[in-house]
Enquirer: 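Submitted below is the structure of interest, expressed as structure tokens.
In listed order, ligands and their atoms are each counted from 1.
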Amino acid sequence: MKKNDSNIKKAIKYLNNNECIAIPTETVYGLAGNAYSDIAVSRIYKLKKRPRNNPLIAHYYSINDLKKDCEIDNNFIKLYKKFCPGPISFVLKLKKKSKVSKIITNNSNSVAVRFPSHPLTRKLLKKINYPLAAPSANISTGISPISKQDVVDEFGPKLKFILDGGSSKIGLESTIINLIGKPYILRLGGINSKLIYKLINPLENKNKKRIKIKVPGTSKLHYSPGIPVRLNAKNNFQNEAYILIKKRIKINKNYFYISKTSNLNEAAKNLYRTLRKIKKNGYKKIAIEKIPNINIGEAINDRILRASKK
Ligand code: AMP
Ligand code: MG
């Protein structure tokens, strides 16, 4: 406990100096900096090698903090009450007097926000008086980190501090929903899309226009292990790593289980770890068996589809 408190103190010192640090969240580890500071957020883009047109999510402690920067509506309140803190991000309209750095919004008047539930990061957010911009703590287009070691593997000594909060419980990024105009999901993730649509009635919004937002994270190559990925594979070829979600009787050194009994939450949690392990073991190709497209399986399929893009 004491160790956590002193680590949080250290984290705050770095953040107050406009440095970026890694923070644990229930989805994946984030590369965090003061979302009100152009200097801090520029450092995030530089370290991650992230294109400047790909906006960042701002992480808040509470709805009261958020209200200083963003407009909220009934849909937001319903979703907030049900799922926050948790793995859901909202794209909202910025208030004119918002202090959020224009760099993280790509100069637009909207911003993506989230309330992470990891207890250490909540403690940290409670103690600072600014939100944290925090994209996943990996080099752009690669696999998101779910442990301190993953972050070390990504940045080495270039990153001065990692707040260690164990391994991420969910292991996949947040669901992102756009709440400007007619609500719609921009990226599948930790909260199932059906649960979200159950709460917000699309009929209420039938006169509203769907405002199209460009989301770089939802297109082309992303979440990539850097080697070819083959989907819906019934078998693996020689020397091809084979990711499975159900235990086989046959023992094969190239089999990598992300779950033994098709448990999709377990599979989500183990996916990125397994992709990293396969890469570290020197494989040149990956095959993945068909993943049921239900619950968090939707988000798993979204990520592996993108990982398979060239
Ligand atoms: P990451 O931080 O790597 O999990 O990615 C965050 C995702 O949120 C990116 O794909 C962004 O494009 C998306 N995003 C962040 N801010 C906005 C915004 N203002 N409007 C639309 N999408 C956003
Ligand atoms: Mg990312």
Side-chain angles (χ1 to χ4, degrees), residues 20 22-33 35 41 43-45 47-60 66 69-72 76 86-95 98 100-116 118 121 131-146 150-151 154-155 168 170-191 210-226 268 271-272 275-276 299 302-304 306-307 309:
C20 32
I23 56 166
T25 88
E26 71 282 16
T27 58
V28 302
Y29 271 67
L31 186 62
V41 300
R43 287 182 170 152
I44 297 177
Y45 279 95
L47 199 54
K48 249 187 92 75
K49 302 192 179 116
R50 174 141 161 155
R52 285 280 188 136
N53 66 356
N54 192 350
L56 309 181
I57 300 174
H59 294 66
Y60 286 84
L66 176 90
D69 295 319
C70 299
E71 308 281 356
I72 58 170
F76 171 79
I88 179 167
S89 302
F90 310 90
V91 174
L92 302 174
K93 225 188 231 161
L94 280 168
K95 283 190 172 162
S98 151
V100 171
S101 162
K102 282 283 169 198
I103 298 172
I104 79 161
T105 66
N106 191 22
N107 261 319
S108 81
N109 52 10
S110 69
V111 65
V113 302
R114 186 164 99 78
F115 306 86
H118 192 292
T121 289
L132 292 176
S136 49
N138 57 281
I139 305 289
S140 199
T141 78
I143 305 167
S144 298
I146 58 147
D150 292 348
V151 181
E154 288 287 328
F155 298 112
S168 299
I170 294 174
L172 282 185
E173 298 80 358
S174 61
T175 305
I176 307 178
I177 181 160
N178 172 40
L179 292 180
I180 301 175
K182 199 170 180 161
Y184 66 101
I185 287 175
L186 288 162
R187 177 177 76 186
L188 296 165
I191 304 265
R210 187 173 152 145
I211 299 173
K212 261 258 170 240
I213 297 187
K214 262 200 199 149
V215 189
T218 64
S219 61
K220 290 188 267 168
L221 180 75
H222 213 94
Y223 315 108
S224 164
L271 177 69
Y272 289 155
L275 289 172
R276 276 180 191 274
D302 171 77
R303 301 304 188 271
I304 60 179
R306 261 177 265 196
K309 292 265 151 71

Enquirer: What part of Asn106, side chain, backbone, both or neither, has a heavy atom within less than 4.0 angstrom of ligand 1?
Expert: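 Under 4.0 Å from ligand 1, Asn106 contributes no heavy atoms.
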Enquirer: With sequence neighbours left out, write down each residue that passes side-chain hydrogen bond (donor to acceptor under 3.5 Å, both in side chains) with Ser101, or none if nothing qualifies.
Expert: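 Only Asp38 meet the side-chain hydrogen bond (donor to acceptor under 3.5 Å, both in side chains) criterion with Ser101.
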Enquirer: Check this for me - ligand 1, Arg187, N or O atoms closer than 3.5 angstrom, yes or no?
Expert: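 N/O-N/O distance below 3.5 Å exists for this pair.
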Enquirer: Output yes when a side-chain donor or acceptor of Lys309 lies under 3.5 Å from a complementary backbone atom of Ser224, and no otherwise.
Expert: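 Checked: no pair found.
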Enquirer: Val91 heavy atoms, cut-off 4.0 Å: which ligand 1 atoms fall inside?
Expert: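 Selected atoms, number and element: 20 (N), 21 (C).
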Enquirer: CG of Leu172 to OG1 of Thr27: how many Å apart, nearest 0.5 Å?
Expert: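 Reported value, rounded in 0.5 Å steps: 9.0 Å.
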Enquirer: Please give me the protein atoms (N, O or S only) lying under 2.8 Å from the Mg ion (ligand 2), ordered by chain and number.
Expert: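 Per the 2.8 Å query on the Mg ion (ligand 2), atoms found are Ser136 OG.
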Enquirer: Give the numbers and elements of all ligand 1 atoms closer than 4.0 Å to a heavy atom of Ser136.
Expert: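 Those of ligand 1 that fall under 4.0 Å from Ser136 are 2 (O), 3 (O).
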Enquirer: To the closest 0.5 Å, what do you measure between CG (Leu132) and OG1 (Thr25)?
Expert: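 Spacing of CG (Leu132) from OG1 (Thr25) equals 11.5 Å.
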Enquirer: For the side chain of Lys48 and the backbone of Asn138, is there at least one donor-acceptor N/O pair under 3.5 Å apart?
Expert: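 Side chain of Lys48 to backbone of Asn138: a pair is present.
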Enquirer: Quick one: which ligand 1 atoms are inside 4.0 Å of a heavy atom on Ile176?
Expert: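 Close to Ile176: 7 (C), 8 (O), 13 (C).
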Enquirer: Applying a heavy-atom cut-off of 4.0 Å, say which part of Asn54 lies close to ligand 1: side chain, backbone, both or neither.
Expert: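 For Asn54, the contact with ligand 1 is made by the side chain alone.
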Enquirer: How does Lys48 reach ligand 1, by side chain, by backbone, by both or by neither, if only non-hydrogen atoms under 4.0 Å count?
Expert: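 Within the 4.0 Å criterion, Lys48 makes no contact with ligand 1.
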Enquirer: With heavy-atom distances below 4.0 Å as the criterion, list the atoms of ligand 1 near Val111.
Expert: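 Answer, ordered by atom number: 19 (N).
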Enquirer: Heavy atom of Thr105 under 4.0 Å from ligand 1?
Expert: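 No; Thr105 lies far enough from ligand 1 that no heavy-atom distance drops under 4.0 Å.
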Enquirer: Is Arg306 positioned over the aromatic face of Tyr223, cation under 6.0 angstrom from the ring centre and no more than 45 degrees off axis?
Expert: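 No, Arg306 and Tyr223 do not form such a contact.
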Enquirer: Is the closest N or O pair between Glu173 and ligand 1 shorter than 3.5 Å?
Expert: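 Not met; the criterion fails.
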Enquirer: With heavy-atom distances below 4.5 Å as the criterion, would you say the side chains of Leu31 and Leu47 are in contact?
Expert: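 Side chain of Leu31 against side chain of Leu47, heavy atoms only: contact under 4.5 Å found.
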Enquirer: Quick check against the 3.5 Å criterion: does Arg52 have a side-chain atom that pairs as donor or acceptor with the backbone of Ile103?
Expert: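 No; judged by distance alone, with no hydrogens or angles, the pair does not exist.
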Enquirer: Step by step, work out the side chain to side chain contact (heavy atoms under 4.5 Å, CB included) result for Ile191 and Ile177.
Expert: CA-CA 10 Å; Ile191 304 265; Ile177 181 160; over 6 Å; no
Enquirer: Are the side chain of Arg276 and the backbone N or O of Ile143 linked by a donor-acceptor pair below 3.5 Å?
Expert: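 Answer holds: yes.
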Enquirer: Could you tell me whether the side chain of Arg114 reaches within less than 4.5 Å of the side chain of Glu173, counting heavy atoms only?
Expert: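 SC-SC contact between Glu173 and Arg114 ruled out.
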